[in-house]
Amino acid sequence: MKGEFTQKGKEAMERFKMESANEVGVTLKQGYNGDLTSRQAGSIGGQMVNMMMPQQQWEFSRNSMRSKCHRITIRYEVALAV
């Protein structure tokens, strides 16, 4: 039973990797992909992380407390782990 779940997890991760590679325009083949450049491999991994941990941004402006008639922009970025 344990091996069955491990195999299903590996298959799901392989599908996820193929989907991420397709989105960034890198062609993967089944099996060994040692001919990829570091940039290509990194873009696949980065896309996988972005899909697993979506990032949210909020931006708003407010009046400056130090100078009248000046506005400052504040940006909040939050990464949500799924």
Side-chain angles (χ1 to χ4, degrees):
M1 185 149 173
K2 182 179 179 184
E4 178 182 337
F5 288 119
T6 304
Q7 185 61 31
K8 286 182 182 180
K10 286 180 183 178
E11 291 169 1
M13 188 59 77
E14 190 66 25
R15 283 191 307 272
F16 183 46
K17 180 172 65 174
M18 290 293 197
E19 178 184 323
S20 297
N22 202 16
E23 287 183 11
V24 295
V26 176
T27 305
L28 290 181
K29 56 186 179 275
Q30 292 295 332
Y32 182 68
N33 286 289
D35 56 338
L36 292 179
T37 65
S38 297
R39 174 176 234 130
Q40 290 172 321
S43 66
I44 295 169
Q47 180 67 17
M48 292 172 74
V49 169
N50 287 340
M51 291 174 71
M52 288 187 286
M53 298 177 60
Q55 199 173 45
Q56 297 216 335
Q57 294 183 3
W58 294 279
E59 187 173 304
F60 62 93
S61 296
R62 68 172 175 83
N63 290 330
S64 174
M65 294 179 180
R66 296 188 178 143
S67 301
K68 287 187 175 184
C69 302
H70 283 86
R71 294 187 64 79
I72 57 172
T73 302
I74 300 171
R75 175 182 293 158
Y76 290 100
E77 292 187 22
V78 178
L80 305 172
V82 178

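In this chain, residues are counted from 1 in sequence order.
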Taking side-chain contact (heavy atoms from CB on, under 4.5 Å) as the definition, give me every residue that meets it alongside Arg39, ordered by chain and number, with sequence neighbours left out. Thr37
Would you list the pairs meeting salt bridge (charged side-chain N to carboxylate O under 4.0 Å, His left out) in which at least one residue belongs to residues 18-34, sequence neighbours left out? Lys29-Asp35
Measure the shortest side-chain to side-chain distance between Met18 and Met13 over non-hydrogen atoms and say whether it is less than 4.5 angstrom. no
In Å and rounded to the nearest 0.5 Å, what is the CD to CE distance from Gln47 to Met52? 10.5 Å
Heavy atoms only: give me the nearest Ser20-Ile44 pair and the separation to one decimal. CB-O, 4.1 Å
Do you know which two heavy atoms are closest between Leu36 and Leu28, and how far apart they sit? CD1-CD2, 3.5 Å
Is any side-chain N of the basic residue among Glu11 and Lys8 closer than 4.0 Å to the acidic one's carboxylate O? no
